[in-house]
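Order of the sequence lines sets the chain letters (A, B, ...), proteins ahead of strands, with each chain counted from 1. These numbers were taken from a predicted model, which means no experiment stands behind them.
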Amino acid sequence: MAGTIEPGANASAAACPLLTLRGLTRRFGGLTAVDAIDLDLGEGELVSIIGPNGAGKTTLFNLVTGLDRPDAGEVRLGGHTITGLSPETLAGKGIARTFQLGRVFGNLSVMDNVLIGAHTRLRAVKPGIPLVGPLLELGLALLRPRSVKAEEDRLREEAKGILARFGDRLLPRIDQPAYTLSYANRRRVEIARALALEPRLLLLDEPTAGMNPNETTEMQALIAKLKAEGLTILLIEHKLDIVLRLSDRVVVMDDGRKIAEGTGGEVRNDPKVIEAYLGHGLSRAASNEPEPAA
Amino acid sequence: MSSWLDYTINGLIVGNLYALVAVGLALIFGVSRLINFAQGSIYLVGAYVGWVAVVQLRTPLPVTIVLVAAFAGMVGLIVERFGLRPLQDSARIAPLLATIGISFVLDQIVMLIFSPNPRALPSQLPDVRFQVGGGTIGPLDLLIAAVGVTSALLLFLFLRYNKLGWAVRATAQDRDAAMQMGVDVNRVNQAVFGIAAALGGVSGLLVGMYYNQIDTAMSLQATLKGVVAEVIGGAGNVPGAVAGGLLLGLVESYGVALFGTSYRNLFAFLLLISVLVLRPNGLFASARQAPPEPLTGTFIAPSRPVRLPLWALLTALGIFTLLPLFPVSAYVLQTLINAWLFGMLALSLTLVAGTVGQVSLGHAALLAIGAYTSALLSLSLSFPVGIAIICGGLMSAALGTLLISPSFRLRGHYVSIATLAIGEIVSLVILNWESVTHGPIGISGIPPLSLFGYELVGAASVYWFTFAIVVLLALLQVRLLGSHIGRSLRAIRDDDVAARAYGLSLNRYKALAFIFGGFAAGISGGIAAHLYSYINHETFNTQQSILALTIVILGGLGNVAGAIVGSVALVGLPEIFRIAAEYRILIYGIVLLLLVRFRPQGLLGTI
């Protein structure tokens, strides 16, 4: 039952976190993009990863979601090792992500984009039988028996519900191809697509990049709502005020390494963090002043 | 029987010639991430310019070489300036299609000027052989080796010590950064295309002299061999291309020594497929590299399909259904039967190339598989024709998908190369597997079309039969596109990285597309076999693959109605206007080029 988390629940979540990274390392030639990262993410927690550009944040996301394979280290989801599994397998295990540059399917309608998000939840049309499964899938897609139709209709209704969370930003454009959308709307479609997967773990890569302050506030409210609903979220974000407001914990990365971890307040006053930012010439990020939207 | 040393020398010499083509391809790939399918055509131009110089102008050898290099280089510059530069900001599929179109236009121009008959290109060197160890070597061998080494040296000096050469290397490493540093990328492209074309042209000349014969079929072979050598060496890797060329030459030569001449190409293409599958970055790349293509940007241009109103579709359906009842000539019906057969092939290709973005250049192989299956089943096992055709479709679906599956992990241009090679492999197997396919003799006396034991007599009944099938296949395909599979295929085409992140297995859905498309193409081939009553390994050839591709682009990628409209237009109109057969391919090539440039989404738009 939602909303009946016992006092002891947090303690047990800490005992077996949803996501565990141990010594995760990825090298590109001479460059170590991700250097022995350890991280625990409890059920329902929101942890933000911050750091200067090139710190290895997105590479870390790629390692967790299977788009890239680590050279060393381990990723565990709910206690099971998932290191090096393919992205499609990991999507099936409930990991959903958005992309830094916004990778919507340009020629697909908004609705179809969200339905792709629900792909791993298709049951009636995708019998899990080896070898003949794909052929049955082809046959069922062409014949469309009642169960397949019902499933498709149900997912469409759900997709509309998800799109409704973005107010009237996406619903009026539900049949438009995604390439016609504004940049901010494409970011929203990405998040809608991720939610359609009903993820256990959601990874958001700069969800507010390129948004104006108004849109940023809206997005922040949405993420806060998702967190309140119990979703476990790993967030990469440059806008520090959002990070400080939303995060249970903040991890700071620089040059592939984790240089600090703690609550927003702790991290903000950490001399190593200030040095990392100042050293890279981004002094503003360390002050209280929020970065203006690009 | 020659000694193994002879085979080694032969392999190295031929490899040298492959390397000349491959180096050009590697240079072009380096600066523009483009596999130039027109490289073989420039090589063809070189061979024929050489023939004119040697046989008609009687120029001395050094002049011949300079003349060929200059002429071919000029063609390269023209191709770059007018064929590719206008497409710089287009979707990535545009330059790929443009080089395919250019290659057909160039080949056809050469064929129209010189006729497709082979010509002798005499070597201008004395015909003596020197004894070297256990083998022999001639002056032409030495010349080819010298040209190879000299061009490699010149190229090295150019890239290392010339300012434009630096610009080429800088652009190859990082195009954007080079542009920001003030490198004129257009000049770099021009230089690279000029050099590549000159090398390709000289290679064509030398090959002609080496085999003492040139013909217009050389072009496709050269493109394939050059690409094989380049891919072995690692796309864009210039020294790798030289090594790849030599390796390919040796493998072929030893293969011929062991199994016979007709297996030469089979070895080349099997080598290509194994390299693409096992080491897609080439033999000399480090094991794990970043993906060779940028991760963002869609392969095809975004567009919105034109929605045809239902009444228009029903009217067209009615007119075409009732057409044989009106006093139309059998010739018109024959032409439309041909259009419906191509319509089935185009439906297949528009699904594979348009909906899921795998631009197949070997699609005629699916026709061949369907045709041979149906012909052999009805002849040898006395299957009823209707059942045999369906079996042909199923065999095409199964075998085609199996053969193409190694290319599922490839992207963009590589898919086109792999499918081209697989198409060639199929036709080589048909040629060599004599016990089943009767080899070059072909299969004759295939029973005519019949349905439930009744022979389809007359053009009208065949017309209705083929029209009914193309409509049926089109309706099935529309239903497929409307299902979750349709949206999954389009998602994979638009962004395969994001598609995988949402649980779509690329292998599974590409295979489903090829199964469905293979069936349609196999049915088309099966019907064709019974209509023609005779087929051989050349009945279904690359020209049909290219025509199908042009139809698909004309109709709109992935567009079902477009595939049929395109078939009627490109198969029917040339008949109606009585355009002579030898000009048709030229027209298809030009149509393809114009479409890519001015209406990349086709008549009815991409779906």
**Study point:** Part of Leu122(A) within contact of chain B (heavy atom distance under 4.5 Å)
**Key:** side chain

Check your understanding: Checking Ile515(B) against chain A: side chain, backbone, both or neither under 4.5 Å from a heavy atom?
Key -> side chain

**Study point:** Part of Ser109(A) within contact of chain B (heavy atom distance under 4.5 Å)
**Key:** neither

Acceptor/donor pairs from residues 190-197 of chain A side chains to any protein atom, 3.5 angstrom cut, sequence neighbours excluded:
{"unit_1": "Glu190(A)", "atom_1": "OE1", "unit_2": "Phe99(A)", "atom_2": "N", "d": "3.2"}
{"unit_1": "Glu190(A)", "atom_1": "OE1", "unit_2": "Arg193(A)", "atom_2": "NH2", "d": "3.0"}
{"unit_1": "Glu190(A)", "atom_1": "OE2", "unit_2": "Phe99(A)", "atom_2": "N", "d": "3.4"}
{"unit_1": "Glu190(A)", "atom_1": "OE2", "unit_2": "Arg103(A)", "atom_2": "N", "d": "3.3"}
{"unit_1": "Arg193(A)", "atom_1": "NH1", "unit_2": "Arg103(A)", "atom_2": "O", "d": "3.0"}
{"unit_1": "Arg193(A)", "atom_1": "NH2", "unit_2": "Arg103(A)", "atom_2": "O", "d": "2.9"}

Check your understanding: Under the side-chain contact (heavy atoms from CB on, under 4.5 Å) test, which residues partner Ile387(B), sequence neighbours left out?
Key -> Phe383(B), Pro384(B), Cys391(B)

Review point. Using non-hydrogen atoms and a limit below 4.5 Å, what part of residues 392-401 of chain B faces chain A?
Key: none

Exercise for review: Please report the closest heavy-atom contact between Ser483(B) and Arg144(A), naming both atoms and the distance.
Suggested key: N-NH2, 3.7 Å

Check your understanding: Measuring heavy-atom distances to chain B, does Leu203(A) have an atom under 4.5 Å in its side chain, in its backbone, in both, or in neither?
Key -> neither

Point to revise | Contact winner vs chain B - Leu135(A), Ile116(A), Leu90(A), Thr120(A), heavy-atom pairs under 4.5 Å | key: Ile116(A)

Check your understanding: So do the side chains of Asp494(B) and Tyr179(A) get within less than 4.5 Å of each other, counting heavy atoms only?
Key -> no

Review point. Any donor-acceptor pair under 3.5 Å linking the side chain of Arg490(B) with the backbone of Phe105(A)?
Key: no

Review point. What part of Arg479(B) lies closer than 4.5 angstrom to a heavy atom of chain A: side chain, backbone, both or neither?
Key: both

Revision key, fill the gap. Looking only at Ala91(A), Pro134(A), Gly117(A), most heavy-atom pairs under 4.5 Å shared with chain B are made by Pro134(A)

**Study point:** Evaluation steps, side chain to side chain contact (heavy atoms under 4.5 Å, CB included), between Leu138(A) and Leu480(B)
**Key:** CA-CA 8 Å; Leu138(A) 182 61; Leu480(B) 182 78; 3.5 Å; yes

Review point. Checking heavy atoms, do the side chain of Ala499(B), its backbone, both or neither come under 4.5 Å from chain A?
Key: both

Check your understanding: Between Leu108(A), Asp112(A), Leu67(A), which residue shows the highest count of heavy-atom pairs closer than 4.5 Å to chain B?
Key -> Leu108(A)

Check your understanding: Sequence neighbours excluded, which residues qualify as ring-ring contact (aromatic ring centres under 6.0 Å, His included) partners of Tyr509(B)?
Key -> His119(A)

Study note, to complete from the structure: With His484(B) as partner, the option from Glu137(A), Lys126(A), Glu152(A) fulfilling side-chain hydrogen bond (donor to acceptor under 3.5 Å, both in side chains) is Glu137(A)

Review point. If only atom types and distance count, is the side chain of Tyr502(B) paired as donor or acceptor with the main-chain N or O of Arg97(A) below 3.5 Å?
Key: yes

Practice item. Go through Ile485(B), Leu504(B), Ile492(B) and name the one with the most non-hydrogen pairs under 4.5 angstrom from chain A. Key: Leu504(B)

